[in-house]
S.K.: 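One structure coming up, written as structure tokens, with questions to follow.
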Amino acid sequence: MLRETVLLSCLALGLCAAADCNTTTHDLHKNLNLKRHHAKMRIIGQSCKEIKDTYNVDEDGIYYLITESGVVYQTFCDMTTAGGGWTLVASVHENDILGKCTRGDRWSSQNGDDPSKPEGDKTWANRVIFGTAEGATDDDYKNPGYYDIKAKDVSIWHVPNNEEPGLWSNSSILRYHTDTHFLDKYGGNLYHLFKLHPVKYGMGECKGGSGIPIPVIYDEGDKESTSELYGSAVRDEFEPGFVTFRVFNSDKAPMAICSGIKPTGCQPQYYCIGGGGYYPTGTLVLCGDFNAFDWTIFGGAGQHKAAQKMIDASMLLFYR
Amino acid sequence: MLRETVLLSCLALGLCAAADCNTTTHDLHKNLNLKRHHAKMRIIGQSCKEIKDTYNVDEDGIYYLITESGVVYQTFCDMTTAGGGWTLVASVHENDILGKCTRGDRWSSQNGDDPSKPEGDKTWANRVIFGTAEGATDDDYKNPGYYDIKAKDVSIWHVPNNEEPGLWSNSSILRYHTDTHFLDKYGGNLYHLFKLHPVKYGMGECKGGSGIPIPVIYDEGDKESTSELYGSAVRDEFEPGFVTFRVFNSDKAPMAICSGIKPTGCQPQYYCIGGGGYYPTGTLVLCGDFNAFDWTIFGGAGQHKAAQKMIDASMLLFYR
Amino acid sequence: MLRETVLLSCLALGLCAAADCNTTTHDLHKNLNLKRHHAKMRIIGQSCKEIKDTYNVDEDGIYYLITESGVVYQTFCDMTTAGGGWTLVASVHENDILGKCTRGDRWSSQNGDDPSKPEGDKTWANRVIFGTAEGATDDDYKNPGYYDIKAKDVSIWHVPNNEEPGLWSNSSILRYHTDTHFLDKYGGNLYHLFKLHPVKYGMGECKGGSGIPIPVIYDEGDKESTSELYGSAVRDEFEPGFVTFRVFNSDKAPMAICSGIKPTGCQPQYYCIGGGGYYPTGTLVLCGDFNAFDWTIFGGAGQHKAAQKMIDASMLLFYR
């Protein structure tokens, strides 16, 4: 009678054809991938934090999320760091440090250095999405959570390029998170923060530093190892132990995120990531997602160059 | 006993693990996002019209669609204009009016002006897809519905770039639709129309106008406001109150859609959108998704230039 | 009582709102697309082979797959050739044979010919994905199955560009498969094979041929028709009846797949597809997904040129 009940529920819900329902419940369980898929689809939330709170899961991995508007997508959840519930929303990957605002520089400009495009590709403050979670260290990534999730804090991992997802956490060269709930003041995510404070040439200037600095707690690395990720010649231009958003250089060219540090100088092209579309000085040396991290390519002094492992890592962005 | 029945159905269908099924039905309803996701997934059709007809919904927003072949995707449905049931299938967004057939010019050519590529990127008549519904005013969009849906009419909105989806309808500078069921003669969608009438250099010519003109009904704006969206110097080259497909200029360069108008002249580069990959005259001035809408950039006369708000809006394409 | 059971199961599983469940089972079946969607979603596996084995389906078409990590995607399954169960994982499409390592050359390099990028875009050995199954003859395609599926053999189809999916099988100019289970030695897929044997300048050399040759069984065409797909001047440089992976030319420039043949010479630019990012000799003639298949463009001799139908076809890659 139970089997008949299952059979009829199955048919009635339109979930299977009569033939499928002739299988016994034992047979239904034979398809492990079907069970696994259904298990995955039973777990969904607007963010990894919501999933963590609702289902009490503690396994890092791929989960289904749904936006306020009903857009469904999958991404990586860090369910373990500092209480877990961190949603991977984006990654900045430098595909060619030699390419100055060329293909792949989605977080600054892919159309060259251009005064008529002060915001460049506008990626920090638009709803364009690209890439995948599993490919986040092979190419740039941005999902709907970047603009949809209502979060309080941010976490950043610097993971070696082309790393297998299961090894990201252990092979990171730097990992940290904020815990001040700073995003409450900025609309709940970086999309809103960068709408309020555009990554746009000329929108501000630098006097002994600039930007929105937030103190961080380290999950991998510390203040000293953070400093060592940047060039020796510029270490007196920042203070480690922070993440800073939307800064300017001495030419009013903007940069988006200074990872692990608070700038006290005005040359963020050496220690901050992302940008707009116009950098007045630097005859195209500066332009690109990792800006002037490798100054030496253009004859610049070696001591300004960021550590090679920093240049060869992707910056993964999480919300909670 | 009912609870046991639910429990056993649940387990038998492989929809949950024993632990999940220990929850009461009350608990299952606690996960509002799970309910919301299931509600979204219960509603699916081959087009927004089919969804409207089947479920009688009247809320604009994101819905699940499925193609004839079984490809599943999400897009925006306009469930309210003129009876509702309009499926957003594409958008043409000009990312750089200065870039002449450069990156982002998917609806003409991204590989420059080139006689060996008379069809350019061929986007009007291929199955390549890109972008997302929510990002349709931030970048180009094209989903499987563009080539799959069997429709009768078309609707077009011109929405300011970077506009929040909830505000698209109200902030549009122009909205209209056809009601002649013209697509019946063209295979049911623009993919088929442009297969029959390729956007390809040399496929036709212009004598006092060209193309397939269809009269429209306005939902926002009128004939006068339509004319004012184009340059004053070219307003005697078209008649407002139409949408026209696949036209040619005096050099046999094709353009795809003349929005809100029927050309009576042979310079559609000033008032028609999209193109092929080769424009003989105009030393690269013409090439690109919005063609020569901003002629002034290259020293051209200001009166040919389209209204700035037209250049800075995305053309959203709907089917019903 | 049965209807109440269905109703309550329905509500309890959160699968429908009370209003929906007032419909009779007859009404639930009225929405054919909902049934069709559920039918599609009931069938899922890690590969088309697993789906074939589990469900005994024999219809070519679009199916749902799930990776080991839980990423869900759809692709085309060939359920009929040589026992069926072949998963479409990628396609190499040449969008512009004139463009030498330009936009669209994802399977070699999109950033020009560059000694500092010996692996080019690294697409053969990373987790970047792009395109769609239905668009696989309109543009490049690569899905998560490329790096996730544990397979034993490979099948390749050369399908005319822009062909409708339902006609792919019949209009192919060449189709074949391996049956040696060679992938067992290479980690189960080409992602792992190319991790072990990178498509990277300088990693090897050529002496009377190079690479990993695997004998093939033809499904369409034969050894003679295979030879005729390449230039007459180079037919003495290979033996048909094989597929060969990761070869080098006389300058140590790598190429990824020699389709239908085993090279015995050292000019694979004329008969092998894909590459790295640096080709020392050939002043940019060689660079690109289809390498030097059309040598004549640059003044080269016609007899080296591959058949036009080979240049105008996409190479579809399947696993089983």
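Residue numbers start from 1 in every chain, and the chains themselves are labelled A, B, ... in the order their sequence lines are given, proteins ahead of strands.
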S.K.: Compare every heavy atom of A:Glu134 with every heavy atom of C:Arg127, then report the nearest pair and how far apart it is.
M.R.: NE-O, 2.9 Å

S.K.: Using non-hydrogen atoms only, which part of C:Tyr64 is less than 4.5 Å away from chain A: side chain, backbone, both, or neither?
M.R.: neither

S.K.: Given that the side chain runs from C-beta out, which part of A:Glu163 has a heavy atom under 4.5 Å from chain C: side chain, backbone, both or neither?
M.R.: backbone

S.K.: Determine whether more than 12 heavy atoms belonging to other residues, nucleotides or ligands lie under 6.0 Å from atom CD of A:Gln308.
M.R.: yes

S.K.: Applying the side-chain contact (heavy atoms from CB on, under 4.5 Å) criterion to C:Val128, which one of A:Asp140, A:Asn162, A:Asp138 satisfies it?
M.R.: A:Asp138

S.K.: Pick whichever of A:Asp139, A:Asn95, A:Thr137, A:Asp96 has the most heavy-atom pairs under 4.5 Å with chain C.
M.R.: A:Asp96

S.K.: Locate the shortest heavy-atom distance separating C:Ser116 from A:Leu98; write the atom from each residue and the value.
M.R.: OG-CD1, 3.4 Å

S.K.: Count the heavy atoms of every other residue, nucleotide or ligand shown that sit under 6.0 Å from NZ of A:Lys305, and state whether that count exceeds 12.
M.R.: yes

S.K.: To the nearest 0.5 Å, how far apart are CD in A:Gln74 and OH in C:Tyr73?
M.R.: 11.5 Å

S.K.: Please determine whether the number of non-hydrogen atoms from other residues, nucleotides or ligands lying under 6.0 Å from atom NZ of C:Lys52 exceeds 12.
M.R.: yes

